[in-house]
**Student:** 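This is the structure I have questions about; it appears just below.
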Amino acid sequence: MIVCVAVVGHQNNPLYIQSFTEADDALKLHHIVHCSLDVVDERVNNPKKSGPMLNETFLGLLYPTDNYKVYGYLTNTKVKFILVTTDLDVRDADVRNFFRKFHTAYVDAVSNPFHVPGKKITSRIFAERVSTIVKSFGLNSAG
Amino acid sequence: MVREVSESCVDSLLTEMVTSYCNRFYANKPELAARRIEAIGYQVGHQLSERYTMERPRFSDHLEAIKFICKDFWSELFKKQIDNLKTNHRGTFVLQDNKFRWLAHMSIDPSVDNGNSVEDNSAITAENKAAQAMSMHLYFPCGIIRGALSNLGIPCAVSADISNLPACSFVVRIKA
């Protein structure tokens, strides 16, 4: 289950952060996202250690903790997407698929002429789309 | 999903935007009108680059990003690529489009042709005026290029050159 997703701008400013848990642990999840930003920077600046393909947008597993796995994605425009999940056996293809859908939703949101670049995404439609994507995560893993 | 836009509508919108800003909002301040038009282009380029770079790996250097502008970005906007790219390898790039679409339907005021033989002076000023009006239409595409590159992490200044029409050159100077 995905517990938290975040969009972080190129100056590490939060653009959108949303947790999907019942419990009151938003602060802990935000902390995890915050820590993962350093890992993203490290991956980008030392590309030899990074995943299978150089300069790929998908950064793969950033770091595993006891209860969570954190995945990252960095767009061409230096916007970072962070995904925190409690599933411990996640397939890479599922995560890639998630980020692709998430990226599409993000692009649609920032293409809104009323959105101010660099400011938080307040679109209700974006929030709804994100929660749909989050809910569908891993469901159609057979397909 | 492919969405299409009528070309004539875009043409008319662009023309109308330029006339509104030049003749109505900032009639006596052409520099201010130019800045406003460029700013609109900047936002458009900013958003378009977000969309068009979606399915591709990140660029490793400036040249790669410029090449993206010349090939994929230009194809998306104008259904053709930039015809000629020159660089001095020190941060200046010249992108030449031999038949720039947004200038293709523009014609110089016919009075220029008539007046040419009669009175040379007025012809020159009319031609000047036409060139000035035309350059107003180029702030928008300049803004688009600047917005796209800035969003890709390359701050730059873009200017346009129309010394040999209908070819149009965009000069990109990357700020160090």
Side-chain angles (χ1 to χ4, degrees), chain A residues 7-13 15-16 40-60 72-81 93 96-119 121 123 126 129 133, chain B residues 1-5 9-10 13-14 17 20 36-77 140 143-156 174-175:
Chain A
V7 181
V8 182
H10 73 114
Q11 290 168 313
N12 282 343
N13 47 324
L15 297 178
Y16 182 82
V40 171
D41 277 345
E42 197 183 329
R43 288 284 169 95
V44 174
N45 295 329
N46 309 305
K48 52 186 176 292
K49 276 196 282 181
S50 75
M53 208 174 100
L54 201 65
N55 284 336
E56 202 186 5
T57 47
F58 179 60
L59 298 172
Y73 183 99
L74 179 63
T75 72
N76 245 307
T77 52
K78 313 285 181 285
V79 176
K80 306 171 184 84
F81 299 154
R96 276 172 199 274
N97 197 12
F98 168 84
F99 276 128
R100 210 180 50 246
K101 285 192 215 158
F102 193 71
H103 194 172
T104 313
Y106 168 75
V107 166
D108 286 345
V110 294
S111 295
N112 179 350
F114 296 106
H115 169 76
V116 184
K119 289 277 181 296
I121 300 169
S123 158
F126 177 71
R129 268 179 84 175
I133 298 169
Chain B
M1 182 172 56
V2 178
R3 283 190 233 177
E4 294 186 334
V5 176
C9 287
V10 175
L13 179 65
L14 176 67
M17 176 180 73
S20 299
R36 295 291 305 164
I37 295 167
E38 209 259 6
I40 297 171
Y42 180 88
Q43 193 185 351
V44 172
H46 201 270
Q47 293 174 343
L48 286 179
S49 66
E50 194 75 58
R51 190 176 290 279
Y52 294 150
T53 55
M54 224 162 84
E55 302 271 316
R56 55 176 52 244
R58 290 192 308 281
F59 304 121
S60 51
D61 59 359
H62 290 171
L63 184 61
E64 241 177 86
I66 297 271
K67 276 186 185 161
F68 158 77
I69 298 283
C70 292
K71 291 180 180 170
D72 306 70
F73 194 74
W74 220 252
S75 305
E76 295 277 4
L77 285 182
F140 186 63
I144 291 183
I145 298 175
R146 193 171 71 86
L149 285 172
S150 309
N151 200 17
L152 298 174
I154 306 171
C156 57
I174 293 171
K175 288 177 187 155

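In what follows, chains carry the letters A, B, and so on, assigned in the order in which the sequence lines appear, proteins first and then strands, with residues in each chain numbered from 1.
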**Student:** Where on E50(B) is there a heavy atom nearer than 4.5 Å to chain A: the side chain, the backbone, both, or neither?
**Tutor:** both
**Student:** For F99(A), is it the side chain, the backbone, both or neither that has a heavy atom under 4.5 Å from a heavy atom of chain B?
**Tutor:** neither
**Student:** Indicate yes or no: at least one non-hydrogen side-chain atom of L48(B) is less than 4.5 angstrom from one of E76(B).
**Tutor:** no
**Student:** Run the salt bridge (charged side-chain N to carboxylate O under 4.0 Å, His left out) test against R129(A) and tell me which residues pass, sequence neighbours left out.
**Tutor:** D108(A)
**Student:** Going by heavy atoms in the side chains, are V8(A) and V40(A) under 4.5 Å from each other?
**Tutor:** no
**Student:** At a heavy-atom distance under 4.5 Å, which candidate from L74(A), V110(A), V79(A) has the highest pair count against chain B?
**Tutor:** L74(A)
**Student:** Check the pair L15(A), Y106(A) against side-chain contact (heavy atoms from CB on, under 4.5 Å), reporting the backbone distance first and the verdict last.
**Tutor:** CA-CA 10 Å; L15(A) 297 178; Y106(A) 168 75; 4.1 Å; yes
